[in-house]
Engineer: 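Would you mind keeping the following structure in view while I ask a few things?
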Amino acid sequence: MGEAPASTRTPEKKGAFDKFDDTLNKYLGPIAERMDRQPHLSAVKKAMVAMTPLLLIGSFCLIPGAIPNMIGEGNPVSQWILANADYFDLAYNVSMGLMSVFVAAVAAYHLGKSYDLDIPGSISMALVAFLLLSMETNEAGGISISSLGSKGLFVSMFASLLAVELYRWCRARHFTIKMPDTVPDFISSSFEIIPVTVIVIGVFLLLRILCQGVFGVMPNQIFTNLLAPLIGSMDSPLAVTFYHTLRCFIFFFGIHPSVLSPIVQPIATQFLAENIAAVQAGGIATHIFTPGPMSAFGGFTGLGVTMGCVFWFMLSKSKAQREIGRIAFIPSLFGVNEPILFGAPVVLNPIMFIPFVVFGGILSSIPFWFMSWGWLDCSAFTPPYVGVFLEGFLTNFDWRSIAANLVQLVAAIAVYYPFCKVYERRALEEEARAQAERQGDIFSAEDKEILDGLDLDF
């Protein structure tokens with residue numbers, strides 16, 4: 001008996017995972033495609049991915065600082081680390097410490113390229129705009145880099161995109177200096193953007209003056225002030241879950257959640273002081289929202305418990321994803337998840353919105369619910385910066401903290417699994433397509449399956 005024609009075959013019944021994949025492709029696929037086509041979002045996403053090498057270097061430079069806290073300072077290893085701490089700090093400061101500067105430059109490059117603008121001009125306008133909004137001086141009169149790292153990402157994106165748009169607007173209206181055709185291009189392009197430079201500096205200098213004159217703060221602090229009324233009382237598991245969800249939400253769009261610290265840190269410190277006073281008086285700690293748990297539980301392997309994503313990336317069939325997972329593993333053990341957030345990427349990736357934002361706040365808040373139910377002791381101590389599990393135990397010296405971290409880890413692995421598998425499938429398709437193009441094959445793997453199903457006899 002010959003094989004039945006393709007047209008008469010009974011279609012295979014799809015499994016639960018295939019249906020889930022179809023649902024994601026149906027609803028999130030078009031969003032991802034529109035985001036990739038939208039020039040501003042595309043420029044920001046490409047800039048974030050380009051930061052992966054710097055994030056890796058900066059993340060690894062943070063790890064040595066935790067070692068003396070873990071093994072003590074009275075040993076040769078810790079003494080060597082402490083003696084060379086300035087070099088680790090320097091490597092961090094020129095990588096992650098200046099990340100917003102690099103993001104401004106790379107985002108301007110991609111947006112300027114999409115508009116066919118002069119690339120050096122686009123980058124220089126973006127850097128000038130960002131520094132006008134963010135640069136501050138310290139007490140010694142030097143430049144402070146506190147707003148040039150991850151805390152300044154939102155301002156960096158805003159400034160770079162607006163600066164390039166101003167450049168585009170000026171060129172469209174011929175607000176430029178046109179040199180004769182005999183002048184070399186590199187000289188002509190430099191003179192072309194002189195009026196643009198004046199306009200960009202004027203606009204962003206005015207923005208800074210307005211922020212400091214009207215609101216009394218730097219532009220990068222405006223976002224913090226706007227969110228202040230939303231925080232309210234934090235000493236309840238529901239409020240903590242909302243807070244962590246908000247942190248995941250803003251981080252998904254590249255805004256570092258540390259912008260919320262000026263709002264919540266005084267509240268957490270006050271609750272910690274009350275817990276300490278209660279314990280010293282012979283009572284028990286009752287406040288759940290304190291600095292130690294916020295780091296040990298809320299930032300367990302990184303905000304959103306992204307070790308779940310790292311785990312599946314390490315086991316991925318995609319070579320690129322495996323490498324990202326392996327590189328991100330060690331930093332994640334110390335609560336540093338920027339390598340996976342920007343390397344996967346999770347940031348601005350519609351497929352990862354549900355696990356990171358929707359479930360991320362819940363995963364980060366599980367131990368706080370345990371504390372509110374009396375299953376876990378509240379914290380009266382803020383431990384030094386150490387690795388996962390140990391930090392949670394040191395917050396309250398309760399062995400159940402380790403069990404709570406394990407619950408977070410297992411839940412994260414389960415939550416991230418279907419989304420990482422969908423993302424893996426896309427990565428494999430892209431790798432196969434790239435491999436086919438390198439080999440000169442005009443048909444993709446998907447095209448070959450369609451042709452094979454036609455059962456053509458020639």
Engineer: Is E323 salt-bridged to R326, going by a charged N under 4.0 Å from an acidic O?
Structural biologist: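 The answer is yes: the pair qualifies as a salt bridge.
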
Engineer: Do H40 and E165 come close enough that some side-chain heavy atom pair is under 4.5 Å?
Structural biologist: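 Yes; the side chains approach each other to less than 4.5 Å.
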
Engineer: Quick one: pull up CG in L205 and CG in L207 and give me the separation to the nearest 0.5 Å.
Structural biologist: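 That separation rounds to 9.0 Å.
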
Engineer: Show which side-chain atoms of residues 81-88 pair as donor or acceptor with protein atoms under 3.5 Å away, not counting sequence neighbours.
Structural biologist:
from: N84; atom 1: ND2; to: W80; atom 2: O; distance (Å): 2.8

Engineer: For the backbone of T395 and the side chain of S379, can you confirm whether one donor and one acceptor N or O come within less than 3.5 Å of each other?
Structural biologist: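 Checked: pair present.
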
Engineer: Is the side chain of S114 donor-acceptor paired with the backbone N or O of L111 at a distance under 3.5 Å, no angle test?
Structural biologist: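 Yes: the side chain of S114 pairs with the backbone of L111.
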
Engineer: On a heavy-atom basis, which atom in A126 and which in A104 lie closest, and how many Å separate them?
Structural biologist: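 In this case the closest contact between A126 and A104 is CB-O, 3.7 Å.
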
Engineer: Closer than 3.5 angstrom, by distance alone: can the side chain of R322 be matched with the main-chain N or O of S316 as a donor-acceptor pair?
Structural biologist: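 Yes; at least one donor-acceptor contact below 3.5 Å.
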
Engineer: Distance-only, no hydrogens or angles: does the R208 side chain make a donor-acceptor pair with backbone N or O of L132 under 3.5 Å?
Structural biologist: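 Such a contact is found between R208 side chain and L132 backbone.
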
Engineer: Could you tell me whether the side chains of Y423 and Q321 share a donor-acceptor contact shorter than 3.5 Å?
Structural biologist: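 Checked: Y423/Q321 side chains show no N/O donor-acceptor pair below 3.5 Å.
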
Engineer: If you define the side chain from C-beta out and look only at heavy atoms, does anything of Q408 sit under 4.5 Å from M307?
Structural biologist: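 Not touching, per the 4.5 Å side-chain cut-off.
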
Engineer: Enter the distance from L303:CG to E338:CD here, rounded to the nearest 0.5 Å.
Structural biologist: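 L303 CG to E338 CD: 9.5 Å, rounded to 0.5 Å.
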
Engineer: Do I324 and F329 make a side-chain contact, defined as non-hydrogen atoms from C-beta onward lying under 4.5 Å apart?
Structural biologist: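 A side-chain contact is absent here, since even the closest heavy-atom pair is not under 4.5 Å.
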
Engineer: Side chains of V200 and Y167: closer than 4.5 Å at any heavy-atom pair?
Structural biologist: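 V200 does not reach Y167 side chain to side chain.
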
Engineer: Is it true that a side-chain atom of S364 and a backbone atom of G361 form a donor plus acceptor pair closer than 3.5 Å?
Structural biologist: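 No.
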
Engineer: Test F130 against V101 for side chain to side chain contact (heavy atoms under 4.5 Å, CB included), laying out the working first.
Structural biologist: CA-CA 8 Å; F130 171 60; V101 178; 3.8 Å; yes

Engineer: Could you walk me through whether F356 and F251 pass side chain to side chain contact (heavy atoms under 4.5 Å, CB included), step by step?
Structural biologist: CA-CA 10 Å; F356 182 68; F251 212 174; 4.3 Å; yes

Engineer: For the pair F368 and H244, name the ring-plane relationship: parallel under 30°, tilted 30 to 60°, perpendicular over 60°.
Structural biologist: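 Geometry flag for H244 against F368: tilted rings.
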
Engineer: Working to the nearest 0.5 Å, report the span between CD1 of I362 and OG1 of T245.
Structural biologist: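 I362 atom CD1 to T245 atom OG1 measures 6.5 Å (nearest 0.5 Å).
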
Engineer: With the threshold set at 4.0 Å, does a side-chain nitrogen-carboxylate oxygen contact exist between K421 and E424?
Structural biologist: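 A salt bridge is present here (some side-chain N lies under 4.0 Å from a carboxylate O).
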
Engineer: For V310 versus S332, what's the shortest heavy-atom pair and its separation?
Structural biologist: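 Nearest heavy atoms, V310 then S332: CG2-OG, 3.7 Å.
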
Engineer: Are V128 and T197 side-chain neighbours, meaning at least one heavy-atom pair lies under 4.5 Å?
Structural biologist: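 The answer is no; the side chains never approach within 4.5 Å.
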
Engineer: In Å and rounded to the nearest 0.5 Å, what is the CH2 to CZ distance from W312 to F419?
Structural biologist: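 Nearest 0.5 Å value for the CH2-CZ distance: 13.5 Å.
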
Engineer: Keeping S156 on the side-chain end and S100 on the backbone end, is there a donor-acceptor pair under 3.5 Å?
Structural biologist: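 Yes; judged by distance alone, with no hydrogens or angles, the pair exists.
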
Engineer: Is a side-chain donor or acceptor of S236 paired with a backbone partner of A239 at a separation under 3.5 angstrom?
Structural biologist: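 Indeed, once roles are kept as given, a pair shorter than 3.5 Å links the two residues.
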
Engineer: Verify, without hydrogens or angle tests, whether S372 (side chain) and W369 (backbone) share a donor-acceptor contact under 3.5 angstrom.
Structural biologist: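 Looks like yes, one N/O pair under 3.5 Å.
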
Engineer: If you count every heavy atom of other residues, nucleotides or ligands that lies below 6.0 Å from F359 atom CZ, does the total exceed 12?
Structural biologist: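 Open: at most 12 neighbouring heavy atoms sit under 6.0 Å from CZ of F359.
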
Engineer: Can you tell me how far the CZ atom of R168 sits from the CZ atom of R173, to the nearest 0.5 Å?
Structural biologist: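 Rounded to the nearest 0.5 Å, the CZ-CZ separation comes out at 9.5 Å.
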
Engineer: If I compare all heavy atoms of G304 with all of L363, which pair ends up nearest, and what's the gap?
Structural biologist: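 Nearest heavy atoms, G304 then L363: O-CD1, 3.9 Å.
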
Engineer: Is R426 close to I351 at the side-chain level, that is, under 4.5 Å between some pair of heavy atoms?
Structural biologist: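 They are in side-chain contact.
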
Engineer: Is it the case that more than 12 heavy atoms not belonging to F249 sit under 6.0 Å from its CZ atom?
Structural biologist: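 Atom CZ in F249 is not packed in, count stays at 12 or less.
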
Engineer: Which distance, rounded to the nearest 0.5 Å, do you find between the CG of L148 and the OG of S134?
Structural biologist: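 Going from the CG atom of L148 to the OG atom of S134 covers 6.5 Å.
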
Engineer: Between S95 (side chain only) and Y92 (backbone N and O only), is there a donor and an acceptor less than 3.5 Å apart?
Structural biologist: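 Side chain of S95 to backbone of Y92: a pair is present.
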
Engineer: Do L341 and T306 pass the side chain to side chain contact (heavy atoms under 4.5 Å, CB included) test, and can you show the C-alpha distance, the side-chain angles, and the key distance before you say yes or no?
Structural biologist: CA-CA 8 Å; L341 288 180; T306 46; 4.1 Å; yes

Engineer: If every non-hydrogen atom of Y115 is compared with every non-hydrogen atom of R171, which pair is closest and at what distance?
Structural biologist: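 Looking at all heavy atoms of both residues, the shortest contact is O-NH2, 3.5 Å.
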
Engineer: Looking at the rings of Y416 and F311, which for Trp means the six-membered one, are their centres under 6.0 Å apart?
Structural biologist: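 No - the distance between ring centres of Y416 and F311 does not fall below the 6.0 Å cut-off.
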
Engineer: What's the shortest heavy-atom distance between A159 and L133, and which atoms?
Structural biologist: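 Scanning both residues, the minimum pair turns out to be CB-CD1, 4.1 Å.
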
Engineer: Are side-chain heavy atoms of L117 and V164 found at a separation under 4.5 Å?
Structural biologist: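 L117 vs V164: side chains touch.
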
Engineer: For S122 and G112, which heavy atoms make the closest approach, and how far apart are they?
Structural biologist: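 Smallest heavy-atom distance, with atoms named: OG-CA, 3.8 Å.
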
Engineer: Within the 4.5 Å heavy-atom criterion, are H110 and P39 side-chain neighbours or not?
Structural biologist: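 Sidechains of P39 and H110: no contact.
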
Engineer: Applying side chain to side chain contact (heavy atoms under 4.5 Å, CB included) to K46 and V106, what does each step give before you reach the verdict?
Structural biologist: CA-CA 8 Å; K46 290 175 181 177; V106 179; 5.6 Å; no

Engineer: Looking only at atom types and distance, does a side-chain atom of N337 sit under 3.5 Å from a main-chain N or O of I340, one as donor and one as acceptor?
Structural biologist: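 A pair under 3.5 Å: no.
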
